[in-house]
Amino acid sequence: MELPAFVSMSRVVIVAGKGGVGKTTVSAALAVAAARTGASVLIVEVEGKSGLPACFGRAPLEYEEGELAPGVRARTLSPDLALLEYLGERGMRRLSRRLVNSGAIDVVATAVPGMRDILVLGKVKQLEQSGVADLIIVDAPAAGHAVRFLISPRGLLDAVRVGPVRRQATEVIAMLSDPSRCRVMLVTLPEETPVNELIDTAYALEDRVGVKLGPVFVNECDVDVAADPVTLVRDAELARVDLPVSDAAALAAAIAFRHERAVMQRAQADRLLARLPLPQLRLPLLAGEVGPAQIEQFADALTEGVALLPDGAGEGAPKTGSPASHVIPAGPRRSM
Amino acid sequence: MSALAELVTRQHVIVCCGTGGVGKTTAAATLGMEGARLGRSVVVVTIDPAKRLADALGLEGLGNRPHTITRARWDPQFTAPTSGRLAALMLDTKSTFDGLVRRYARSPEQADRILANSFYRSIAGALSGTQEYMAAEKLNELHDEGNYDLIVVDTPPTRHALDFIDAPHRLTRLLDNRVFRLLMMPTRASLRVASVAAQAFLRTVSRVVGSEVVEDIIAFFRAFEGMEQGFRDRAHAMLELLSDPTTSFVLVTSPRRDACDEAEFFAQRLLETGLVIDALIVNRVHPAFGESNRTDEYRARAAELEHNADCGDVGARAAALRLGAAYGALAELTDLATTEQQQLEDVARRIGARTLATVPVLPHDVHDFATLAEVGAHLFDGVTRRDTRPVHEPG
């Protein structure tokens, strides 16, 4: 699949997954890859501080948008500010201020399940409709489960029978259930527990939210080494180079470690594929702090992965998708 | 005895905190198991354990009460003192909250009115903040009951550092809300004017979310009348327990920068509340195979071998490529280990944790007592051996 086609599948991509799997890194890499095709990208961060600006070597984000890299802008969304803005645009500015200033917003938000989530998603929908960017990437809340975040509009329809908040929920549901407007890309690590949780999340999102799932990002894949600990000494002789004994031990240990990890990770990624037939995009584990250089490397890996996807990848739903979905190998296979 | 072992020997409460996905539940279970092995009666409160770990702890389908784990499972060699006991429970937010309401209600009727209110059901459901609140409440309950020497609490994954500590006060703040306080006393003549103003305000709120929601809220606050002091006292008691010298906070993180930043932020907020982090546990640390000051040398050798076109025959060329790939991997792993080591030393120093314990990246998932014992070996002995037998030294 061509990268431009990949990034234009839907205008909104929600990047979701449990904490610590690297959602922010994936959001940044996706943004950079998309910007390379000439698309304008807006990353939306939902609450909280995150490492997103650091990925681009920039200062923390504001509610107003700012540029992080050529073609990549970003902003944060907070429910309170989104509410102020939403009501303000509908001639209820005074009311919204009173709601926030009196603290009543907390009470109302507590009374209405998913109120805060709907305000944020409503703002995303508004950004989508106003065409602020060719691609809007939402870095979903880390701690809150993606399912809870995305299911809020449906829960809200039960709680709120009238008024602008209900209208907002209806419109957000329309966006979430239209694959040409929005899809979710899940991120996981190639390990047992994260894989199990991803599978549960994926089916819950499909069944309960009705949102389209894009490829799954499998992050922090160890790259297997095309070498064998057993033949190191002989290899050195063949290549006519000196191999200090201490180096030989360190090299053997490094190869064995990488290999053990890669085998375990491949097994987990294969298990994920068997249980959730979605295409996978694997990103390598990189050394060093994540900064602009690493994000470029991730964007390269993502671009290579996308190139290997069949055309129309992501059109197959998990339950009916072909088990032959393409998997991008984490690196050169062991040569032995 | 390691500093971490001292904590599980001496303390009454250990709170494991940190962001999600860093192995908090595993750390809590490991600390609890070590406490039991050292002869203490321990209960581990888990929040949302991964299914396999929950199965291992025997939590599947259990209620909100501690469940004693058969000794043979956590002490297969029977080497722990007989006083050792290990129990676990999985927090049930809703039933903990219901219990709290029943305790402070002046009558069963008042409790029923609250429990049936849909605003209450929204709060008691899985809304953010409530889980933290109930984790703190559960801790308080277990402390009051006095059945355990050591209570280890896992905390919900949170973006907001102080949710666990702050949560108990949130409801009292809600009950203190000015507008709603007025609504709770609508019949008193002296307040009629204010009440009218409040009613007008609520009418406008109704325009946003509908009148049913507002009616539920009013009914909830009225139903709560007279219970606020009880809740306030409870919140105060919780803060006291958390500030007690026999309570320790253990911060769990991974060596990645984003996780370390979060950990530092968390620690700072704790400090502002007058609480300190006693130990920092760093999970998923990459082992160092090479020498950190030779990373560039490894990398140069890799490049040299891979670009070495002088080797004439095919076999020599292939051998050079294999060796080059090996040096490349060694350079990357050494770089990774060095960066991580620096990262975790920095964060330990900045947050002033008295103890730093690390667990390396393991080749498998941690989901049973054997693998918990392996984590324990790293945490308590600082070893890198794979040993599933009990590892503590008696006494």
Side-chain angles (χ1 to χ4, degrees), chain A residues 18-21 24 47-51 54 87 95 98-99 102-104 106-108 110-113 141-144 148 159-166 191-193 196-197 225-228 231-232 235-236 238-241 250-251 253-255 257-258 260-261 264 287-290 335, chain B residues 19-22 50-52 119 122-123 125-128 156-159 174 177-180 201 204-205 207-210 212-213 216-217 254 256-259 261 265 287 289-290 305 308 311 315-316 319-323 325-330 332-333 335-336 339 361 363-365 367:
Chain A
K18 67 176 278 184
V21 297
T24 301
E47 286 187 70
K49 63 192 220 89
S50 95
L87 293 177
L95 167 64
R98 284 179 71 186
L99 271 175
S102 66
D106 286 334
V107 180
V108 174
T110 311
V112 182
R148 198 192 302 161
V160 179
R161 302 290 155 82
V162 292
V165 173
R166 184 182 172 86
E191 288 173 28
E192 181 160 339
T193 300
N196 290 345
E197 292 183 5
V225 189
D228 192 300
T231 62
L232 278 175
D235 283 345
L238 279 171
R240 290 185 209 91
V241 292
L251 290 171
I255 296 168
F257 176 82
R258 271 276 156 101
E260 188 177 18
R261 296 280 305 162
M264 186 273 280
E289 294 191 356
V290 174
S335 61
Chain B
T19 51
V22 292
K51 196 177 170 306
R52 290 190 67 175
F119 178 62
S122 296
I123 300 179
L127 277 179
S128 68
T158 177
R159 270 166 293 165
L174 196 64
N177 189 285
R178 192 169 47 89
V179 173
F180 293 97
F201 176 65
T204 48
V205 174
R207 282 172 55 203
V208 182
V209 292
E212 287 171 14
V213 170
D216 281 340
I217 297 174
S254 78
R256 298 155 41 116
R257 186 175 64 188
D258 51 351
D261 286 349
F265 181 68
F289 301 110
L305 283 159
N308 188 356
C311 304
L321 280 177
R322 283 195 293 273
L323 204 54
Y327 268 106
L330 181 61
E332 273 175 31
L333 285 172
D335 193 4
L336 194 60
T339 313
V361 169
H364 49 71
D365 202 49
H367 54 247

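Every value quoted in this text rests on a predicted model; they were computed, and no experiment measured them. Below, chain A is the first sequence line, B the second, and so on; all start at residue 1. In what follows, every heavy atom counts, from backbone to side chain, and hydrogens, waters and symmetry copies are set aside.
In terms of heavy-atom proximity, A/Leu238 sits nearest to B/Ala319 at CB-CB, 3.6 Å. Closest non-hydrogen pair, B/Ala325 versus A/Ala226, comes out as CB-O, 4.1 Å.
Residues that satisfy the side-chain contact (heavy atoms from CB on, under 4.5 Å) test with A/Ala253, not counting sequence neighbours, are B/Phe289. In terms of the side-chain contact (heavy atoms from CB on, under 4.5 Å) criterion, residue partners of B/Leu321 (sequence neighbours excluded) are, by chain and number, B/Glu306, B/Arg317.
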### Task
Test side-chain contact (heavy atoms from CB on, under 4.5 Å) on A/Thr193 and B/His367 and set out the steps.
CA-CA 9 Å; A/Thr193 300; B/His367 54 247; 5.9 Å; no
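Atom CG of residue A/Leu251 and atom CZ of residue B/Arg322 lie 13.5 Å apart, to the nearest 0.5 angstrom. Taken from CG in B/Leu323 to CG in A/Asp235, the straight-line distance is 6.0 Å, to the nearest 0.5 Å.
Between chain A and the residues B/Gly290, B/Gly315, B/Ala326, B/Pro287, the most heavy-atom pairs under 4.5 angstrom are made by B/Ala326.
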